Number of protein chains: 2
Amino acid sequence: MARVRLIDVAERAQVSMKTVSNVVNGYAHVQPAMRARVQAAIDELGYRPNLTARRLATGRTGMIALAMPEIDHPYFGEMASHLADIALERGYRVIIEQTLSDPEAEKAVLQDREAGLVDGVIFQPTRMATLDIARLHDDLPLVLLGEVDAPVTTDHVMIDNVAAAHDAVAHLLASGRQRVAFLGLVDGDITMTNRRRLLGYQEALVAAGVRLDPELVLHAHGFDSHDAEAAVEAAVERGLEFDAILSRDDRFAAGALTALRRRGRSVPDAVAVVGWDDSAIAGYTSPTLTSVAPDKRALATRAFDLLHERMHGHHGAGRHVVVPHAIAVRASAPAG
Amino acid sequence: MARVRLIDVAERAQVSMKTVSNVVNGYAHVQPAMRARVQAAIDELGYRPNLTARRLATGRTGMIALAMPEIDHPYFGEMASHLADIALERGYRVIIEQTLSDPEAEKAVLQDREAGLVDGVIFQPTRMATLDIARLHDDLPLVLLGEVDAPVTTDHVMIDNVAAAHDAVAHLLASGRQRVAFLGLVDGDITMTNRRRLLGYQEALVAAGVRLDPELVLHAHGFDSHDAEAAVEAAVERGLEFDAILSRDDRFAAGALTALRRRGRSVPDAVAVVGWDDSAIAGYTSPTLTSVAPDKRALATRAFDLLHERMHGHHGAGRHVVVPHAIAVRASAPAG
DNA sequence: AGATGACTTTACAGCGCTGTACATTGTGGT
DNA sequence: ACCACAATGTACAGCGCTGTAAAGTCATCT
């Protein structure tokens with residue numbers, strides 16, 4: 001059966017196409033009787049508007065792209081889930097762009113709009129410096145997730161990574177820990193996020209009068225939890241003393257737990273561990289993971305809000321929105 | 001700056017729009033000189049084709065919808081990641097439909113095509129009976145993921161759940177377990193998948209000459225890992241004896257691990273646990289989780305292949321494709 | 001009664017692209 | 001030199017919808 005078009009409905013209801021269009025779009029000034037007549041024709045014919053045609057006519061696609069490094073990473077999965085939710089609520093569809101942290105893929109993201117594909121993009125960059133993004137993105141409505149390394153004209157939404165790291169370390173110190181390691185520097189990670197977390201970590205130690213020890217900053221050679229595992233094992237191996245770990249994310253923290261278990265260091269007795277992201281992982285590990293908890297819903301909501309404004313013509317300077325965070329306390333680093 | 005259109009390029013290159021179109025689309029019969037001239041104009045003007053217009057003209061959207069209950073579930077996240085990969089490779093975009101297991105949302109999925117949004121849909125239903133799907137789906141190219149409850153005209157891709165459950169139980173029995181519980185019946189779960197897993201579980205026990213004990217089939221009251229936790233705790237509480245658990249998915253298995261730990265039952269010594277999905281979770285739990293491992297890449301590839309054929313006019317009967325599975329052996333249920 | 005203005009509905013161009021039908025050019029055979 | 005035929009390029013309609021401008025309708029005002 002051929003698709004039913006607007007004009008078919010119009011003929012059936014003996015009205016103009018535009019009137020049908022008005023009914024479909026809920027335009028106010030349509031007589032109830034007329035509306036009912038048209039609606040009847042729509043129902044009888046089972047008419048569904050063709051969104052592609054509407055897009056061409058209106059210039060709006062009703063879609064946004066969501067560009068993230070990996071959709072199967074728990075944090076990004078949760079963010080995607082929230083954003084899909086919110087977008088649906090506001091009448092947008094979401095198309096997924098998985099960059100896999102490939103610079104080319106990240107660049108391509110910024111050109112989708114030029115292709116008329118989406119009205120805007122929410123983008124969590126990992127390989128692209130913010131300045132490059134700013135340079136490339138023309139007038140594409142764009143909101144960045146995560147830290148930026150320069151005050152540019154692009155909107156972005158984030159938590160206060162310095163304060164969050166500070167809070168996490170304070171939590172550890174308050175529970176009596178003395179030697180807090182930071183697990184998270186990764187070769188080739190050029191994003192600002194981690195540097196700010198490291199900064200907050202250092203600030204909290206200094207504020208508490210604890211001497212900084214560069215040895216306590218652990219490096220991993222990759223982004224996988226096994227890389228974290230290896231880093232922690234190596235630290236234990238070389239005799240590094242520490243009674244707490246603040247990790248860049250929950251996956252790394254899970255790797256740390258594995259390494260500590262294997263080395264016979266009990267958690268949280270010998271070593272407390274704090275993860276980051278408060279992802280579902282935190283509930284599956286043993287012990288469960290205390291984790292820095294960005295308000296993901298707020299992150300998603302604010303990002304969408306900013307994007308919405310941009311898509312509706314807002315042209316001001318880049319805005320930096322900070323959303324709340326908390327420390328989700330679980331077994332791996334209990335209070336007190 | 002206004003968008004550059006095909007006609008702008010045509011004027012610049014002093015040729016017809018169609019010739020530019022031919023160059024853009026790589027049509028064979030264009031003289032190299034002509035091609036170069038047009039390409040130059042394209043480059044100078046920075047022309048990008050408008051995909052919406054192309055869609056309207058061709059009737060193809062180049063997009064597929066991926067409909068799953070939760071994008072932040074590790075299994076679905078991994079499937080989405082594979083599918084996004086494959087789709088990108090084959091020149092399709094993926095739009096995400098998160099149904100959250102809402103029957104209305106599932107119904108809406110089937111109508112997207114009517115709206116001209118996508119060329120096809122890959123759909124993992126949870127609340128909708130397959131027959132309803134078949135009845136609703138018209139000629140929308142559609143491939144189902146997961147078991148179906150009746151031989152219908154819809155394509156679908158799955159693993160052999162009976163055999164997989166059988167294999168999992170066989171693995172447990174081979175390692176000397178006698179009393180294997182099945183954790184996974186959930187109130188309100190109407191999908192066939194679990195029934196087939198239960199069937200495979202029973203078959204394997206019977207084949208090994210072990211008497212079936214209905215007590216060993218554990219019920220949960222919801223889909224969350226806490227529900228599984230509660231079910232296992234309740235079982236221990238009422239004195240049920242078992243030395244192994246086969247779980248419907250890894251999240252449930254993680255819940256079981258938590259319950260067992262709290263009850264002082266060591267894993268795998270006292271109780272072996274086998275999860276299902278071989279998701280990332282399996283690596284984060286302690287002990288790590290032995291898990292039934294569907295070949296997710298194959299699942300995604302085959303699903304896309306079937307969909308591709310449907311989108312290109314294949315109209316045969318519903319095909320049922322079975323992809324391989326394995327048992328990913330980890331610490332919670334070691335061999336031997 | 002005729003004019004006024006608010007509310008409804010209509011007609012039609014046009015969003016940017018591609019498919020079709022046709023015009024033009026070039027090649028080789030006779 | 002002429003024709004048939006393939007290879008290239010062109011013109012234009014039309015995909016299905018919405019925006020705009022204009023036309024029609026009707027109650028109210030003078």
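So that the names make sense, note that chain A is the first sequence line, chain B the second, and so on, each numbered from 1. These values consider heavy atoms only, across backbone and side chains, with no hydrogens, waters or symmetry-generated copies. Computed from a prediction, not measured in an experiment: that's the story for all the values here.
- One finds no salt bridge joining B/Arg302 and B/Asp295 here, because no Lys/Arg side-chain nitrogen approaches an Asp/Glu carboxylate oxygen to under 4.0 Å.
- The interatomic distance linking B/Ile7 (CD1) with C/dC17 (C1') rounds to 11 Å, in whole Å.
- The side chain of A/Ser21 places an N or O atom within less than 4.0 Å of a non-bridging phosphate oxygen (OP1 or OP2) of D/dT18.
- As rounded to whole Å, 11 Å separates atom C1' of D/dT10 from atom CE of B/Met17.
- Of the side-chain N and O atoms in A/Tyr27, none sit less than 4.0 angstrom from OP1 or OP2 of C/dC7.
- Using a cut-off of 4.0 Å between Lys/Arg side-chain N and Asp/Glu carboxylate O, B/Arg127 and B/Glu106 are scored as not salt-bridged.
- The side chain of B/Arg54 lies closest to C/dT18, out of D/dC17, C/dT18, C/dT10.
- Of the candidate nucleotides D/dT10, C/dC17, D/dC17, D/dC17 has the atom nearest to the side chain of A/Asn50.
- Mapping B/Thr58 and B/Val30 onto DNA chain D via the closest heavy atom, the residue that lands nearer the 5' end is B/Val30.
- Atom C1' of nucleotide D/dG19 and atom CG of A/Asn22 are separated by 10 Å, given to the nearest angstrom.
- Relative to the side chain of A/Arg5, the nucleotides D/dG16, C/dT10, C/dT20 differ in distance, and D/dG16 lies closest.
- Nucleic acid contact for B/Thr19: base, since at least one base atom lies under 4.0 Å from a heavy atom of the residue.
- Distance CD (A/Glu11) to C1' (C/dT10): 15 Å, rounded to an integer number of Å.
- D/dA7 atom C1' lies 8 Å from atom CD of B/Gln31, rounded to whole Å.
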| Stepwise salt bridge (Lys or Arg N to Asp or Glu O under 4.0 Å) test for B/Lys107 and B/Asp132 | CA-CA 9 Å; B/Lys107 206 174 296 173; B/Asp132 292 332; over 6 Å; no
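- Ion pairing of B/Lys296 with B/Asp277 is absent here, as no side-chain N (NZ or NE/NH1/NH2) approaches a carboxylate O to less than 4.0 Å.
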| Candidate pair B/Glu78 and B/Ser279, rule side-chain hydrogen bond (donor to acceptor under 3.5 Å, both in side chains), full reasoning | CA-CA 8 Å; B/Glu78 287 170 43; B/Ser279 62; 4.8 Å; no
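- Candidate nucleotides D/dT18, C/dT10, C/dC17 were compared by shortest atom distance to the side chain of A/Leu6, and D/dT18 ranks first.
- Residue B/Lys18 contributes atom NZ, which lies 12 Å from atom C1' of D/dT8 at whole-angstrom precision.
- The nearest whole Å value for the distance from the CG atom in B/Leu56 to the P atom in D/dT18 is 12 Å.
- Residue B/Asn25 contributes atom CG, which lies 12 Å from atom C1' of C/dG19 at whole-angstrom precision.
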